[in-house]
Amino acid sequence: MKDIPAIRAAQGAPRLRDFHQARWDEPVIFELSAEGERGVLVPETEPGIERAVGDVAASLPRSVLRAAPPALPEISQNRVLRHYLRLSQENLGADLNVDVGQGTCTMKYSPKVNDVLARSPKLAELHPLQDEETVQGILEVMYRFEGFLKALSGLDAFSLQPGAGSAAVYANASIIRAYHASRGEADQRREIITTVFSHPSNAACAKTAGFDIVTLHPDADGYPDWKALQAAVSERTAGLMITNPEDTGIFNPRIREFVDAVHEVGGLCAYDQANANGILGITRAKEAGFDLCHFNLHKTFSTPHGCGGPAGAAIGVTRKLARFLPVPVVTFDGRRYHLDYDRPDSIGKIRPWYGVAPVILRAYAWVRSLGPDGLREVARVAVLNNNYLLKKMLEIRGVSAPYAKGRRRIEQVRYSWADLTRETGVHSEDLGLRAADFGVHYWTSHHPWIVQEPCTLEPTESYSKADLDEYAAIIRHVAEEARRDPETVKTAPHRSTVHRNDPSPMDDPRQWAITWRAYRRKLRETAGSGRRKA
Amino acid sequence: MKDIPAIRAAQGAPRLRDFHQARWDEPVIFELSAEGERGVLVPETEPGIERAVGDVAASLPRSVLRAAPPALPEISQNRVLRHYLRLSQENLGADLNVDVGQGTCTMKYSPKVNDVLARSPKLAELHPLQDEETVQGILEVMYRFEGFLKALSGLDAFSLQPGAGSAAVYANASIIRAYHASRGEADQRREIITTVFSHPSNAACAKTAGFDIVTLHPDADGYPDWKALQAAVSERTAGLMITNPEDTGIFNPRIREFVDAVHEVGGLCAYDQANANGILGITRAKEAGFDLCHFNLHKTFSTPHGCGGPAGAAIGVTRKLARFLPVPVVTFDGRRYHLDYDRPDSIGKIRPWYGVAPVILRAYAWVRSLGPDGLREVARVAVLNNNYLLKKMLEIRGVSAPYAKGRRRIEQVRYSWADLTRETGVHSEDLGLRAADFGVHYWTSHHPWIVQEPCTLEPTESYSKADLDEYAAIIRHVAEEARRDPETVKTAPHRSTVHRNDPSPMDDPRQWAITWRAYRRKLRETAGSGRRKA
Amino acid sequence: MGKRRSTAHPYIPNSARAAKEAMLREIGAASEDDLYEDIPEALRFRGRLAIPEALASEPELRRHVEGLLAKNRSCAESLNFLGAGCTQHFVPAVCDEINARAEFLTAYAGEPYDDHGRFQSLFDYASLMGELLNMDVVNVPTYDGFQATATGLRMAARITGRSEVLVSRAVSADKLSKIRDYLRPRIRVQLFDFDPVTGEPDLASLEEAISNETAAVYFESPSYLGVIPSCGDDVSATAHDVGALSVVGVDPSTLGVLAPPADYGADIVVGDLQPLGMHMAYGGGHAGFIATRDEPRFVLEYPSRLFGITSTSVEGEYGFGDVAFERTSFALREGGKEWVGTAAALWGITAGAYLALLGPQGMRELGETILQRSHYAAKRLARIPGVRAPRFRGAFFHEFVVDFSRTGKSVTRIHRALLRRGIFGGKDLSSEFASLKGCALYSVTEVHTKGDLDRLADAIEEAVA
Amino acid sequence: MGKRRSTAHPYIPNSARAAKEAMLREIGAASEDDLYEDIPEALRFRGRLAIPEALASEPELRRHVEGLLAKNRSCAESLNFLGAGCTQHFVPAVCDEINARAEFLTAYAGEPYDDHGRFQSLFDYASLMGELLNMDVVNVPTYDGFQATATGLRMAARITGRSEVLVSRAVSADKLSKIRDYLRPRIRVQLFDFDPVTGEPDLASLEEAISNETAAVYFESPSYLGVIPSCGDDVSATAHDVGALSVVGVDPSTLGVLAPPADYGADIVVGDLQPLGMHMAYGGGHAGFIATRDEPRFVLEYPSRLFGITSTSVEGEYGFGDVAFERTSFALREGGKEWVGTAAALWGITAGAYLALLGPQGMRELGETILQRSHYAAKRLARIPGVRAPRFRGAFFHEFVVDFSRTGKSVTRIHRALLRRGIFGGKDLSSEFASLKGCALYSVTEVHTKGDLDRLADAIEEAVA
Ligand SMILES: Cc1ncc(COP(=O)(O)O)c(C=O)c1O
Ligand SMILES: Cc1ncc(COP(=O)(O)O)c(C=O)c1O
């Protein structure tokens with residue numbers, strides 16, 4: 001009789017997981033087609049209707065009709081389902097792994113009960129144009145949830161319309177534009193100031209909204225550069241759009257001074273609170289003096305990321321900017337909830353209807369399941385987890401946490417493997433892919449790539465000490481392996497669903513193929529040209 | 001630019017899947033415990049209740065109270081979910097693989113829409129004792145579904161109470177007993193005749209019901225032995241309980257003569273129709289003269305197998321036996337549905353309440369989605385698939401389909417690898433485990449192990465030609481490998497979640513451990529005795 | 001319409017003509033009919049099945065079935081106090097998520113390798129139940145608590161080699177019916193009384209009935225009438241004194257606060273998992289557990305599958321497989337113990353997840369909350385003129401008998417009044433126990449708020465007035 | 001009560017005291033407060049959040065939220081004819097199963113290796129849409145059709161280097177508002193008319209407005225008013241004549257029977273995926289697609305992610321990854337095209353599954369069924385005195401304008417009467433289009449039976465009487 005737990009304990013503490021991801025080797029869906037198979041049937045028209053209207057399609061003008069049916073595959077229901085279930089297993093997902101490697105994305109536990117509520121036919125089968133009388137429940141959810149956000153930010157009015165964080169940043173930029181336009185300063189105020197460690201969307205969305213972007217770099221300690229800000233502000237300044245804590249996990253302690261300086265020159269300040277998870281109930285937009293802010297519901301408020309949406313976001317403003325919010329807004333007359341469209345100064349529509357209702361409902365339920373104390377506990381434990389993981393990470397040779405040496409971080413940490421890369425030639429990306437062989441991974445962070453060989457870890461409140469210990473043990477193992485056996489790391493992953501891509505088609509217009517039909521065509525063309533060449 | 005489809009085509013036609021099952025290497029759930037973690041919280045009692053009743057637990061007699069809390073693990077919700085989601089991926093499941101290897105079990109597609117319906121709160125939140133007035137919908141489903149089974153069997157009365165096929169076989173044995181008792185022949189009629197290729201439950205359940213079992217073996221052609229039957233019947237015969245087609249896939253063409261012979265001596269005949277998938281609407285219990293029958297809803301009627309239940313079954317009888325059916329039965333007065341308990345001759349209860357309602361609802365929906373033509377098509381395509389796979393299998397060297405040479409089979413085929421085993425020393429079990437490395441498998445069939453080195457394949461109507469071709473290609477590959485490289489086959493699986501078990505603890509009382517606590521205790525004891533010995 | 005008739009059915013890929021023709025060609029048959037060559041013409045059904053035409057599209061199917069279901073009024077839409085063997089508890093969303101996973105939902109009987117998840121989650125389940133029950137052996141679930149009880153008693157008879165069991169009269173008529181049917185072939189069933197005042201097992205009646213032929217004494221905690229026996233060890237001792245086994249049925253949801261039967265001498269513990277994370281589903285949420293000590297004379301008498309832990313060819317890897325498979329009817333047909341077959345494994349997995357979610361603290365709090373709510377309810381009802389609650393003096397957990405006999409109104413009449421107010425009153429016991437005419441069994445759990453209980457009391461007050 | 005306050009929260013494992021203490025010890029901090037050292041006291045929020053107390057247990061939470069939802073009356077409980085950009089179609093159960101899979105639901109941005117399933121299923125999606133649209137490039141979905149339209153127009157402006165777009169007047173006020181807001185910084189938006197009789201694009205009005213500064217002409221099939229343009233190639237040709245692009249918004253559910261815009265000259269095709277397997281969810285089911293030919297000048301102007309197929313280091317293995325990632329704001333911040341971020345990928349996966357389930361035959365039958373039902377509805381309504389349906393003579397698919405102006409009753413009044421009968425009448429257009437006072441837009445799809453449509457007609461007949 002073997003003592004398996006003892007053997008496992010002897011294999012490491014914590015032991016590395018002997019992992020292999022599901023690998024189904026599925027064809028592309030078109031390859032599953034078999035003549036005549038059907039996946040679902042459509043209701044047939046009743047004879048009474050047929051008799052009354054005949055063959056309507058045949059009566060339409062030739063020019064509007066499709067000549068041949070679309071070349072979709074023909075697949076039975078069982079096989080379609082099997083295809084997608086297999087593909088689903090070939091995905092990690094926050095429900096499946098210790099998902100701390102997608103730092104800045106606040107991958108946290110999305111409670112199943114909230115999904116159940118969001119899938120209720122009482123929400124799923126609501127049309128957005130129904131009479132207000134028939135949608136009092138969801139309007140109440142929206143109205144109340146806006147109230148929660150007011151409490152969490154200290155700002156005065158909210159809209160839940162934006163479909164995600166970047167859309168919210170864009171909407172805030174639009175409001176800033178509208179505000180200055182309302183004062184006749186639209187042409188003068190063309191600059192948005194941001195920091196390089198604010199999420200890239202602050203720059204990109206403001207640019208899309210028509211502004212010029214002024215980007216501040218950090219000072220030597222990694223804090224947003226106060227001198228640079230002072231130099232940047234002017235009568236051209238439309239506003240400041242900034243994340244805090246920044247994507248490095250560092251909180252800008254002079255944030256109030258930044259805001260004041262921008263206000264001084266007549267600009268507005270928008271707080272990207274998509275990183276709010278570590279400061280919920282600890283510090284707010286109001287105290288820092290912001291005019292606008294936004295939250296990501298799919299980050300801080302736990303709604304699931306859905307492979308990249310549907311998501312949801314909220315924008316909040318002070319009283320003076322409320323009139324610019326998107327239409328409609330939800331109002332309450334003490335008895336009933338309404339949708340108010342009569343807002344002449346509004347920037348108009350950001351997205352259809354009133355926001356991503358199932359996401360809002362989940363976020364509402366999440367707040368209700370925690371209450372005021374629970375929300376603060378979320379923040380405190382997220383920060384505890386982050387600083388614990390920081391401690392564990394810094395025990396690994398070859399990694400560093402640039403900037404603000406010895407200071408605590410808030411919600412995440414941007415690390416650097418520059419030392420290890422110098423020593424071994426193994427890049428951060430390789431380490432992340434090798435970690436995938438143990439059922440976790442990390443990404444190498446988005447822009448800016450100022451921190452060399454970066455990775456960003458954000459443990460949130462959702463992971464236990466044991467989870468973080470396991471994660472750190474995997475990263476330690478991988479880093480040590482980079483010294484011992486760099487080839488294994490550089491050719492990883494070995495135990496994921498698939499192996500390293502040939503990247504060459506991805507940036508080559510002759511080879512890239514974004515659909516199966518394009519791929520087949522290019523293969524034919526290549527074969528043809530190959531033949532011609534030969 | 002690589003032509004991947006062409007490469008894949010060159011790798012075989014059909015190509016073997018390059019498969020690996022998910023492997024998460026999860027600990028036993030107790031190993032996940034961390035002091036103080038919680039998975040879900042229980043509603044707290046309102047202060048008003050506390051005030052009114054105080055600490056009720058403390059007021060109970062000491063002798064009824066638990067001394068120490070149960071030593072359950074303490075785990076956060078996220079981690080519990082993650083554990084089970086990972087374990088779920090470590091399971092094949094009919095939704096995930098071409099599940100034709102569990103022959104005799106009729107693994108077919110369980111439509112998702114039926115699950116959705118079965119999970120409706122309108123069913124999930126019904127208490128079985130609710131006033132009839134509040135459960136007219138589900139009673140109507142039951143009543144109508146019994147009607148479908150009457151049509152499919154030709155018998156007169158049904159009960160949906162049994163929880164699965166074997167429970168139905170038992171209930172039928174009970175009815176046979178009650179019938180003979182009602183005629184004062186209980187002591188005389190002590191024998192149930194069955195065939196060795198009828199499902200083992202026919203023998204086991206009848207035995208449990210108090211009967212002695214007479215088992216007929218097949219004749220040289222593999223058909224139930226007509227001479228043996230004639231020799232077996234006597235005034236001791238209580239009944240015949242028999243599957244047809246048998247688990248070999250062979251249909252007994254003399255079934256009517258068997259039934260008549262048993263009737264002649266005063267016995268009753270029960271038709272195990274759990275293999276009915278291939279004969280739905282083609283041949284029925286009535287035409288063969290049976291007095292009783294049963295269907296498995298989780299086989300023929302597509303309700304999912306749930307890792308081994310919840311399942312459901314139905315028993316049907318002729319008019320003369322209707323009074324013995326379990327209580328209650330569903331009745332209809334032309335306006336309302338009722339549960340009739342007033343049945344003095346009934347055998348009583350087989351299971352709580354009236355059957356496994358969500359399973360019945362799924363089966364009802366399945367029949368409705370097919371209609372009379374669709375049900376016949378199910379049978380015809382199941383038989384077509386089976387004979388197609390038979391053809392493909394018999395092209396593989398080393399396998400045979402014993403008995404009834406050259407004849408068609410109905411729903412499944414019991415194959416034999418005896419030739420291959422003789423040649424290579426590789427056993428059927430090894431082949432099945434090696435097949436698992438390609439994402440499918442088969443089992444080696446249940447009792448009787450008369451067919452040497454058996455496996456039973458049953459493709460049902462749910463699989464396409466491409467699925468069957470893939471399956472046959474895998475089996476062919478594995479069989480050829482058994483010649484080429486028997487060691488690889490004998491040590492399989494290599495790409496499943498886990499590897500070959502050490503079987504020794506399983507039949508050794510000192511080592512077997514059916515719970516974690518027993519395992520820990522035995523490890524301590526072994527360690528102790530080891531120390532003592534040393 | 002007609003044009004669609006040749007359409008392949010979504011559930012039958014090879015009903016597509018192209019595949020069918022290719023396959024028939026391959027096997028050398030002209031049509032599927034040829035494949036039925038072994039079925040004589042006399043046995044062929046040539047009629048048309050008397051089954052309604054297909055609702056082949058999902059929307060039509062859903063509209064029809066949802067229309068039927070809409071005729072039900074569920075406990076989610078009403079206030080329910082029915083229990084009596086099927087209890088309305090809260091079901092955590094994670095339990096539903098797990099048992100809806102396609103892999104668990106549609107797996108069946110794969111090998112320990114390709115279905116490792118099923119084996120491990122059922123081993124986890126048995127291990128969690130083992131702690132709750134303080135027992136070392138727990139089966140892969142059988143159908144339901146009725147079956148577990150009946151099998152537990154047959155196991156006891158086999159273990160002791162005796163052929164009589166004593167069953168407390170405080171079990172449900174339905175369960176007793178099942179026991180009688182299941183034991184009839186070989187085992188006599190005798191009843192012993194409960195104390196009319198406390199509702200507890202009547203030790204004198206038991207002593208009188210017990211003998212050297214007794215294989216087992218069966219009683220429950222709580223009993224069908226809601227009463228928690230405080231004399232469990234006396235009952236067990238009485239059984240043991242004559243060489244019989246103590247078989248106890250227990251509601252597992254009580255065991256965060258109540259002593260597990262093993263602690264008062266039970267040899268075989270049986271019951272139903274429905275309270276541990278299963279919806280009532282009109283009786284579809286049942287699964288039966290059987291637990292014993294880890295002794296071969298017990299283990300080898302289980303008919304169910306038993307999953308054990310072992311090592312594999314890879315160091316540090318957990319493997320799971322069947323313990324003592326040769327006991328089973330799969331291996332031995334009529335030579336096996338009773339039988340084994342498809343039962344209720346998915347609910348075992350679910351109950352395991354439930355226990356892992358609740359944990360020791362949760363199970364305790366659940367018990368405490370239920371005790372407080374049910375006692376509050378009894379107290380409120382007892383204030384209503386003519387209503388006695390609880391009817392028995394013994395301790396109770398979530399259920400208790402309410403005696404309406406002095407209100408002058410029948411239970412039927414009172415409950416009809418409640419129904420009009422959207423309340424499902426408890427199980428009417430009037431015809432089940434001669435001594436309990438005018439009584440009903442009310443179930444109160446963690447799902448009932450104070451407001452719910454006050455509403456019940458007010459409604460009854462009006463109904464009996 | 002109080003005793004539970006120290007309980008760890010189920011969503012926050014390290015709120016358990018033991019873990020917290022161990023971790024604080026490890027990092028050398030006395031309490032979590034120390035970790036906020038960088039946040040100045042003046043910025044600290046010291047109040048209590050004005051948020052209601054926790055409903056920490058699931059039953060309490062569910063009771064509360066379900067109580068709120070119960071105040072809604074859904075289209076499942078009523079008969080709905082609202083469309084106008086969000087359409088009630090049937091959603092196959094398999095679609096819901098797939099998008100409820102934990103792995104798809106909770107994945108985000110893993111690598112092509114550990115999230116292979118996400119990459120492949122979105123490549124599958126784009127490929128399926130490509131066939132439906134007859135286009136070679138389809139993006140990973142953006143937020144919704146509004147965004148797809150607005151981005152499509154900005155793409156056209158970048159591609160042509162021009163700064164004016166012409167938009168058909170037959171678009172919704174909301175979409176126009178979005179377009180205006182999104183294009184305001186750099187692009188002028190001009191409108192051209194639709195024909196008051198047919199509802200089709202007015203070519204004369206277009207000719208008049210178009211110029212060498214026009215970057216794009218935008219129109220829809222069907223238009224917001226339900227009309228299918230039969231002159232699509234004329235509109236496209238008019239655009240092409242001046243070097244502008246033809247940008248067409250299309251409802252993908254029509255494309256089993258209607259010609260894809262690429263076939264009548266569209267250069268950029270945009271729209272919303274909601275009809276392909278998404279519930280309406282009060283507007284939560286939207287996702288936007290953008291499709292073009294496979295030319296670098298188009299491809300390099302997409303802001304969205306584009307997934308492409310490639311080989312890997314294992315022979316015969318499919319790999320997927322980002323095409324031309326350097327376009328994006330992830331790579332270039334403000335130097336990228338517009339921006340990329342979380343959008344609506346899950347609905348892309350779902351739409352792919354939907355198209356795979358329906359197949360060519362299903363998409364055709366869907367279109368035919370909808371055409372027949374909507375035309376039947378129009379015919380029935382047209383028989384009602386004073387009601388004109390359809391208001392426009394152009395061909396229509398699932399939506400058509402009903403003109404009540406000659407009934408003497410306002411749309412509001414008629415619809416209020418319908419609501420009392422459990423019917424949600426179509427979108428009132430009275431204030432949206434000056435020329436359509438007294439008109440409403442009715443949507444009829446495969447979910448409406450003949451009985452439903454007859455019921456609508458009868459109800460309207462009564463309401464206008
Ligand atoms: C700080 C910050 N701001 C904005 C965003 C953009 O959010 P989204 O991806 O929802 O567009 C993110 C996304 O992770 C973020 O971390
Ligand atoms: C022919 C036959 N009879 C009876 C049974 C027993 O059914 P169950 O497993 O539901 O007890 C089976 C099971 O597969 C079977 O195939």
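Just so we're on the same page: letters track the sequence lines, and every chain starts at 1.
- Ring geometry for D/His286 against A/Trp353 counts as tilted: the plane angle lies between 30° and 60°, on a 0 to 90° scale.
- Panel note: side chain A/Arg408, backbone D/Tyr36; no donor-acceptor pair is recorded below 3.5 Å.
- With sequence neighbours excluded, the residues satisfying side chain to side chain contact (heavy atoms under 4.5 Å, CB included) with D/Lys178 are A/Lys349, D/Phe146, D/Gln147, D/Ala150, D/Tyr182.
- For D/Asn80, the part lying near chain A is the side chain, with the backbone staying farther off; criterion is any non-hydrogen pair under 4.5 Å.
- D/Asp114 places no side-chain N or O within donor-acceptor distance of the main-chain N or O of A/Thr497, the cut-off being under 3.5 Å.
- Looking at residues two or more places apart in sequence or on another chain, you find no salt bridge (Lys or Arg N to Asp or Glu O under 4.0 Å) involving D/Asp124.
- Note that CG of A/Asn91 is 10.0 Å distant from CZ of D/Arg101, once rounded to the nearest 0.5 Å.
- Not a single donor-acceptor pair under 3.5 Å links the side chain of A/His441 to the backbone N or O of D/Gly110.
- Remark: the backbone N or O of A/Glu44 is not paired with any side-chain donor or acceptor of D/Glu365 at under 3.5 angstrom.
- Note on ring orientation: taking the six-membered ring where Trp is involved, the planes of A/Trp516 and D/Tyr318 are perpendicular (angle over 60°, cut-offs 30° and 60°).
- Side-chain atoms of D/Thr106 come within 3.5 Å of backbone atoms of A/Asp95 as a donor-acceptor pair (strictly under, hydrogens ignored).
- Panel note: side chain A/Glu46, backbone D/Lys450; a donor-acceptor pair is recorded below 3.5 Å.
- D/His9 places a side-chain N or O within 3.5 Å of a backbone atom of A/Ser369 that can act as its donor or acceptor partner.
- Taking CG of D/Asp115 as the reference point, atom CD of A/Gln21 lies at 7.5 Å (rounded to 0.5 Å).
- No close placement of the D/Phe104 and A/His305 rings is indicated, their centers lying 6.0 Å or farther apart.
- One N or O on the side chain of A/Thr283 and one on the backbone of D/Leu43 form a donor-acceptor pair closer than 3.5 Å.
- Atom CH2 of D/Trp339 sits about 4.5 Å away from atom SG of A/Cys205, to the nearest 0.5 Å.
- Distance alone, capped at 3.5 Å, is enough to place a donor-acceptor pair between the D/Asn72 side chain and the A/Lys122 backbone.
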